[in-house]
Asks: 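Starting off with a structure, shown below.
The structure displayed is predicted, hence computed values, not measured ones.
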Amino acid sequence: QLGLTPLMNRAWSEAATALGLGQSWQLQQVFDAVKEQASTDTALCDQAREVERLLQVEPGKLFGKVVADSSSASAGAAPAQASVPAVAAVPAVAPAASAVPAVAAAVSAGAATEAAASPPLKTLLEEFQRACSRPVIQEALVKLRA
């Protein structure tokens, strides 16, 4: 399962580059921000579930209990597969002191200046989802799970 962390970091690196973020955002910051916002944003929660599905991990493993709870409560959600092994913890990277609140403020307020400084969380997650769905990442996941 240690192979999943480098794959996620690779996908995040591609997403961050596509968004012009460079090294200013780490993947753990995205996980933390989604955990904070998912309880009040069902679209964000759905998107987080889709990323977990793409990465073949249990609902809530990456984005927290709110995502897992909404997954089991959703009528059309795919059932969790018991055979999917647990993913190794993503190495903790301490977010910048104001990173999560800044994203939360940008998402809540939709303020153009805050959004320019740090893209809305939905945009971050969309780009990560796009990177995770790339064939090279999906093929590596298949090899990892074999």
Asks: Show every salt bridge (charged side-chain N to carboxylate O under 4.0 Å, His left out) that has at least one partner inside residues 9-24, sequence neighbours left out.
Replies: Arg10-Glu14, Glu14-Arg134
Asks: Which pair of heavy atoms, one from Leu7 and one from Ala140, lies closest together, and at what distance?
Replies: CD2-CB, 3.5 Å
Asks: For Ser13 and Asn9, indicate whether the former's side chain and the latter's backbone hold a donor-acceptor pair under 3.5 Å.
Replies: no
Asks: Taking a hydrophobic cluster as the set of Ile, Leu, Val, Met, Phe, Trp and Tyr residues connected by side-chain heavy atoms closer than 4.5 Å, whether directly or through intermediates, do Phe63 and Leu54 fall within one such cluster?
Replies: no
Asks: Which heavy atom in Leu62 sits nearest to a heavy atom in Lys35, and how many Å separate them?
Replies: O-CE, 3.4 Å
Asks: Supply the atom-to-atom distance Glu50 CD to Glu126 CD, rounded to the nearest 0.5 angstrom.
Replies: 12.0 Å
Asks: Looking only at non-hydrogen atoms, find the nearest pair between Leu4 and Arg145 and report the distance.
Replies: CD2-NH2, 3.8 Å
Asks: What's the separation between atom SG in Cys132 and atom CE in Met8, rounded to the nearest 0.5 Å?
Replies: 8.5 Å
Asks: Hey, are the side chains of Asp32 and Gln29 touching, using non-hydrogen atoms and a 4.5 Å cut-off?
Replies: no
Asks: For a 4.5 angstrom cut-off between non-hydrogen side-chain atoms, does Phe128 reach Val30?
Replies: no
Asks: Write down the atom of Ile137, the atom of Ala131, and the distance for their closest heavy-atom approach.
Replies: CG1-O, 3.4 Å
Asks: What is the distance from atom CG of Leu44 to atom CG of Leu121, rounded to the nearest 0.5 Å?
Replies: 5.0 Å
Asks: Without swapping roles, check the side chain of Trp12 against the backbone of Trp25 for a donor-acceptor pair under 3.5 Å.
Replies: yes
Asks: Tell me whether Gln56 contacts the main-chain N or O of Arg53 through its side chain, where contact means a donor paired with an acceptor under 3.5 Å.
Replies: no
Asks: What's the spacing between Lys61 NZ and Leu55 CG if we round to 0.5 Å?
Replies: 13.0 Å
Asks: Please name the pair of heavy atoms, one in Ala48 and one in Leu125, separated by the smallest distance, quoted to 0.1 Å.
Replies: N-CD2, 3.7 Å
Asks: Atom CG in Leu124, atom CG in Leu21: separation rounded to 0.5 Å?
Replies: 6.0 Å
Asks: List in chain and number order the residues that pass salt bridge (Lys or Arg N to Asp or Glu O under 4.0 Å) with Glu127, two or more places apart in sequence or in another chain; answer none if no residue qualifies.
Replies: Arg130
